[in-house]
Undergrad: 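Before anything else, here's the structure in question.
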Protein chains: 2
Amino acid sequence: MDIPKKEDHLLNISYDSVIFGFSGDALKILLLEYHDTGFFALPGGFVRKNENLNDAVIRGVKERTGLEKLFLEQFHTFGNTSRSDAAAMKTIIKANHDSYTEDSWLFDRFISVGYYALIDYAKVSPTPDALSDSIDWYAIDDIPPLLFEHNLIIEKAIETLRNNLNKKLMGINLLPDKFTMKALQQVHEAILDEKLGRTAFQRKMLSLDLLERHEKQFSGKAHKAPYLYSFKSDKA
Amino acid sequence: MDIPKKEDHLLNISYDSVIFGFSGDALKILLLEYHDTGFFALPGGFVRKNENLNDAVIRGVKERTGLEKLFLEQFHTFGNTSRSDAAAMKTIIKANHDSYTEDSWLFDRFISVGYYALIDYAKVSPTPDALSDSIDWYAIDDIPPLLFEHNLIIEKAIETLRNNLNKKLMGINLLPDKFTMKALQQVHEAILDEKLGRTAFQRKMLSLDLLERHEKQFSGKAHKAPYLYSFKSDKA
DNA sequence: ATCTATTGTCTCATTTTGTTACAATAATAA
DNA sequence: TTATTATTGTAACAAAATGAGACAATAGAT
């Protein structure tokens, strides 16, 4: 992988993406570990000179997950001087490139726009890029210390996700196209970090008139089979 | 006024501020008009190399309004290529500066962070800076066409304000320290653009336990005098 | 055929919200 | 001093939303 070129990009501005997935029991996010440094961080990147900010983030998330259509939303822009860490950036670049130069634009101060994405955990097999040893899922209550105040960015992302959860059933973006009411409830519980009453939850979801009921799902277990639901497409 | 110098600032990044005030009957915002151009726009600015983004916005709003302590919150970052307009920027700079240079950094593309501020309308006498003919209040349903997609930025600011209104009685930032329940209700109605039931509103506000009741306010009119309230400082 | 775990819905209690009613009151007019 | 008027604070009641428990339906195991 080449170092991104200064003349192709906007300066002093970057993005960081908090990519959420739901494993069935826990809410997780994708973190990458840089080669030979022990550094963990959020997947991020830069904006090309003639590229919309949104498109830059979509491009970056696609490179990391292979997903093209995904739920993606900006939540906050982080602009404190304290969040820059030129030393760490130098270590990363040094560990990966012979062409290390002391005065790279990458060591400048960056203002970073935070995005979060909600994706179907099952649809992704994350692949590390050339800069990173690994890219892996981490449960949100088990996040290691990260570079560049990224732990703070994650907290803010979760807070935003909680606040927006009720708007238009956002949680469904973490599930397959068809899902049971129980799965939807588990997603909500994972995001809110609290138990919800089963009957009240079901009544509320159905009353929103956003779900379409399909065939039953037979699990092979000895009990009544639940209906499958999907998000009504005309409510998007 | 001097043109801001390239070497002092972050490149490709700016901010725009939507400064809300409440005149007693309508919600208004501050717009400025540039010298000799007929161009209207939101007050905005740039970030110095060693300055926090938030501090840059505080500095800019203070220069325009004289206010130092104010309610200020970031709401969205605008990053589409379509929002840049080098031609308009050139017109503005030309109209104001002999030292016009064709290749100024100001003509580059900018990603702009949107902030909104809530201030006490009565406390401000807006003063135009050297670049602008006028800075004035405009009711939010009477905004002229603005440069750089600023109309869109205002819409998003209002939307965010509506969504956040219930969080911790944000509306009080548009009022003096002490205010009547009726004034608070009028602020809410102006923001939400709908009438609210008087008794339900009063009951709700009092139940939040965020308001402190003070002496009555005698208006001189022939009716029962309302209590004055303030925001409980320990709930900030 | 009986048993077990889970689901969908009903019912009822509780809480919240919306609306109307009404007494209290500050200033004015009679 | 005593009505009169406009507005305020709160109570009272109705309607709607929410929470919790009961229960029948049912897919598969025994």
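Not measured: the values here are computed from a predicted model. Order of the sequence lines fixes the chain letters, A, B, ..., with proteins taken first and strands second; residue numbering starts at 1 for each chain.
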Undergrad: Quick check: do B:I111 and B:N12 have side-chain heavy atoms less than 4.5 Å from each other?
TA: no

Undergrad: Is a side-chain N or O of B:Q74 found less than 3.5 angstrom from the main chain of A:H76, in a donor-acceptor match?
TA: no

Undergrad: Mind running a 4.0 Å heavy-atom check of residues 180-196 of chain A against DNA chain C and sending the residues that fall below it, in number order?
TA: A:K182

Undergrad: Please tabulate, one pair per line, all N/O donor-acceptor pairs under 3.5 Å involving side-chain atoms of residues 157-167 of chain B, not counting sequence neighbours.
TA:
unit_1: B:T160; atom_1: OG1; unit_2: B:K156; atom_2: O; d: 2.8
unit_1: B:R162; atom_1: NE; unit_2: B:I191; atom_2: O; d: 2.7
unit_1: B:R162; atom_1: NH2; unit_2: B:I191; atom_2: O; d: 3.4
unit_1: B:N163; atom_1: ND2; unit_2: B:E159; atom_2: O; d: 3.4

Undergrad: Quick one: OG on A:S82 to CZ on A:R109, what's the gap to the nearest 0.5 Å?
TA: 9.0 Å

Undergrad: Please report the distance, rounded to the nearest Å, between CG in A:L206 and P in C:dG8.
TA: 9 Å

Undergrad: Please confirm whether the ring centroid of A:F78 lies under 6.0 Å from the ring centroid of A:F148.
TA: no

Undergrad: How about B:Y15 and B:F46: are their ring centres within less than 6.0 Å of each other?
TA: no

Undergrad: May I ask you to establish whether A:R213 and A:Y229 are in a cation-pi arrangement, using a distance under 6.0 Å from NZ or CZ to the six-membered ring centre and at most 45° from the ring axis?
TA: no

Undergrad: Quick one: B:Y227 OH to D:dT10 C1', roughly how many Å, whole number?
TA: 11 Å

Undergrad: What is the distance, to the nearest angstrom, from the CE atom on B:M205 to the P atom on D:dT10?
TA: 15 Å

Undergrad: Mind calculating the distance between CZ (B:R213) and C1' (D:dT8) to the nearest angstrom?
TA: 10 Å

Undergrad: Determine, for nucleotides 16-28 of chain C in 5'-to-3' order, which nucleotides have protein heavy atoms under 4.0 Å from the base (write B), from only the sugar-phosphate (write S), or from neither (write -).
TA: -BBBBB--BBBB-

Undergrad: Tell me: CZ of B:F201 to P of D:dT8, nearest whole Å?
TA: 13 Å

Undergrad: Has A:E189 got a side-chain atom pairing as donor or acceptor with A:L196's backbone, closer than 3.5 angstrom?
TA: yes

